[in-house]
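Contents: one structure, followed by commentary.
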Amino acid sequence: MGFVKVVKSKAYFKRYQVKFRRRREGKTDYFARKRLVVQDKNKYNTPKYRMVVRFTNRDIICQIAYAKIEGDIIVCAAYGHELIKYGIKVGFTNYAASYCTGLLLARRLLNKFGLDKVYEGQVDVTGDEYNVESIDGQPSAFTCYLDAGLARTTTGNKVFGALKGAVDGGLSIPHSTKRFPGYDCESKEFNPEVHRKHIFGTNIAEYMRYLIDEDEDVYKKQFSQYIKNGVTADMIEDLYKKAHADIRENPIHEKKPKKEVKKKRWNRPKMSLAQRKDRIAQKKASFLRAQEQTADS
């Protein structure tokens with residue numbers, strides 16, 4: 001059979017339906033979103049909370065959200081750039097920073113709902129599996145589901161660092177150890193020590209030491225911001241330990257004081273009736289004076 005050109009007729013275009021805008025833009029996976037958003041009918045109007053984790057080139061965004069017809073409602077949020085307040089000056093998008101951001105989100109949310117003293121989470125970080133369970137006689141643990149967006153959910157992805165931070169912070173999020181660093185898919189075994197190294201940035205410290213020995217020029221180029229801020233390989237683990245303790249001590253977001261801004265006016269302010277009448281009188285007087293001067297000359 002020869003080549004047949006497919007001609008799209010008028011009927012095809014009349015029946016064509018465009019996809020949702022965020023699908024056309026390649027921003028939302030609606031197949032996944034439907035399953036994350038739709039609540040069971042027997043739960044009526046109970047919100048189904050999602051832990052939204054997104055990465056930009058220079059920041060980490062962690063939010064607790066739930067869907068309404070008008071749009072998503074953000075209950076609480078934490079960002080990677082906030083870690084400066086807790087002593088982390090560089091590396092705002094690595095695995096250790098994503099763990100800290102998840103921990104900050106969890107502690108901030110529980111503090112908001114008055115559950116921070118009830119659900120402490122895992123204070124001694126081991127990297128091993130940990131799940132939050134509801135305590136009898138107390139409000140239930142805050143449950144939400146991970147929304148990874150369009151990220152490739154491969155083993156060791158930083159999204160799971162934020163998840164681990166939130167779980168250790170006291171949130172109940174269904175998960176397994178299969179996607180954490182340290183899981184071997186061949187032997188089906190999980191090594192929590194490898195995961196702990198990633199949480200405390202020990203893997204970064206090891207790479208820094210390796211580069212110093214092998215190629216110092218590459219080290220100076222790749223870790224220029226670490227050198228600038230005086231962060232050495234030996235300091236990294238203590239830096240993150242201190243950050244975890246500081247986050248637990250004070251997770252509350254402090255609003256910046258409002259700046260006094262003097263607004264510029266590019267047009268004349270509106271005049272009152274008396275001002276307009278006075279202006280006309282001045283114009284008249286000026287015109288009459290000019291007429292007198294021309295008559296005298």
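Heavy atoms only: backbone and side chains are in, while hydrogens, waters and symmetry mates are out.
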Where the side chain of [X] meets the backbone of [Y], is there a donor-acceptor pair that is under 3.5 Å apart?
{"X": "R152", "Y": "T154", "result": "no"}
{"X": "K48", "Y": "V38", "result": "yes"}
{"X": "S98", "Y": "G161", "result": "no"}

Closest approach of [X] to [Y] (non-hydrogen atoms, all atoms of both residues):
{"X": "Q291", "Y": "T294", "result": "O-OG1, 2.6 Å"}
{"X": "M208", "Y": "V231", "result": "CE-O, 3.8 Å"}
{"X": "L239", "Y": "G87", "result": "CD1-O, 3.7 Å"}
{"X": "C62", "Y": "L105", "result": "O-CD1, 3.7 Å"}
{"X": "A97", "Y": "Y240", "result": "N-CE2, 4.3 Å"}

For the atom pair [atom1] ([X]) and [atom2] ([Y]), what is the distance rounded to the nearest 0.5 Å?
{"X": "T28", "Y": "R23", "atom1": "OG1", "atom2": "CZ", "result": "10.0 Å"}
{"X": "Q122", "Y": "L103", "atom1": "CD", "atom2": "CG", "result": "11.0 Å"}
{"X": "L115", "Y": "L109", "atom1": "CG", "atom2": "CG", "result": "8.0 Å"}
{"X": "Q39", "Y": "T46", "atom1": "CD", "atom2": "OG1", "result": "6.0 Å"}
{"X": "K68", "Y": "I73", "atom1": "NZ", "atom2": "CD1", "result": "5.5 Å"}
{"X": "D215", "Y": "Q222", "atom1": "CG", "atom2": "CD", "result": "10.0 Å"}

Would you call [X] and [Y] a salt bridge, using N to O less than 4.0 angstrom?
{"X": "R209", "Y": "D213", "value": "no"}
{"X": "D246", "Y": "R107", "value": "no"}
{"X": "R54", "Y": "D147", "value": "yes"}
{"X": "K221", "Y": "D217", "value": "no"}

For this session: Would you please classify the geometry between the Y210 ring and the Y207 ring as parallel, tilted or perpendicular, with 30° and 60° separating the classes?
Result: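 Geometry flag for Y210 against Y207: parallel rings.
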Problem set entry | Parallel, tilted or perpendicular, as decided by the 30° and 60° cut-offs, for the rings of F180 and F190 |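 Answer is tilted, since the angle falls between 30° and 60°.
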Is the closest side-chain heavy-atom distance between [X] and [Y] below 4.5 Å?
{"X": "R33", "Y": "D29", "value": "no"}
{"X": "V167", "Y": "H175", "value": "yes"}
{"X": "D278", "Y": "Q275", "value": "no"}
{"X": "C100", "Y": "I88", "value": "yes"}
{"X": "S286", "Y": "Q282", "value": "no"}
{"X": "Y226", "Y": "T232", "value": "no"}
{"X": "R22", "Y": "Y30", "value": "yes"}
{"X": "K14", "Y": "Y12", "value": "no"}

Exercise. Pick one: which of Y95, Y183, Y99 meets side-chain contact (heavy atoms from CB on, under 4.5 Å) with H195?
Worked result: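 So, applying the side-chain contact (heavy atoms from CB on, under 4.5 Å) to H195 and each of Y95, Y183, Y99, only Y95 qualifies.
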Exercise. Quick one: are the ring centres of H244 and F200 less than 6.0 Å apart?
Worked result: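 Yes.
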In terms of hydrophobic clustering (I, L, V, M, F, W, Y; side-chain heavy atoms under 4.5 Å; direct or indirect links), are [X] and [Y] co-clustered?
{"X": "V53", "Y": "L150", "answer": "no"}
{"X": "I173", "Y": "Y49", "answer": "yes"}
{"X": "F55", "Y": "I204", "answer": "yes"}

Problem set entry | Test item: side-chain donor near acceptor, T155 and R179, under 3.5 Å |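 On atom types as modelled, these side chains qualify, holding a pair under 3.5 Å.
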Only pairs under 3.5 Å count here: list side-chain donor-acceptor contacts from residues 126-146, not counting sequence neighbours, and write none if there are none.
from : atom 1 : to   : atom 2 : distance (Å)
T126 : OG1    : D128 : N      : 3.3
S134 : OG     : A141 : N      : 3.1
T143 : OG1    : A141 : O      : 3.4

Exercise. Are more than 12 heavy atoms from other residues, nucleotides or ligands located less than 6.0 Å from atom CG of N267?
Worked result: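 Counting neighbours around CG of N267, more than 12 heavy atoms of other residues, nucleotides or ligands fall under 6.0 Å, so yes.
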Exercise. Hey, is CZ on R24 packed in by over 12 heavy atoms from elsewhere, all under 6.0 Å?
Worked result: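 Result for CZ/R24: enclosed.
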For this session: Tell me, please, which residues at least two apart from R21 pass salt bridge (Lys or Arg N to Asp or Glu O under 4.0 Å).
Result: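 Expected list: E25.
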Problem set entry | Row check, F31 ring normal vs R35 NZ/CZ: under 6.0 Å, within 45° |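 The answer is yes; both the distance and angle limits are met.
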Exercise. Only one of R196, K197, K242 forms a salt bridge (Lys or Arg N to Asp or Glu O under 4.0 Å) with E237, so which one is it?
Worked result: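 With E237 as partner, R196, K197, K242 yield a single salt bridge (Lys or Arg N to Asp or Glu O under 4.0 Å), made by R196.
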Donor-acceptor contacts, no H, no angles, side chain residues 74-86, under 3.5 Å, sequence neighbours left out:
from : atom 1 : to   : atom 2 : distance (Å)
H81  : ND1    : D59  : OD2    : 2.8
E82  : OE1    : R108 : NH1    : 3.1
E82  : OE1    : R108 : NH2    : 2.7
E82  : OE2    : Y79  : N      : 2.9
E82  : OE2    : R108 : NH1    : 3.3
K85  : NZ     : I252 : O      : 3.1
Y86  : OH     : N250 : O      : 2.8

For this session: Output, in order, the C-alpha distance, side-chain angles, deciding distance and verdict of side chain to side chain contact (heavy atoms under 4.5 Å, CB included) for H198 and V194.
Result: CA-CA 7 Å; H198 280 71; V194 175; 4.1 Å; yes
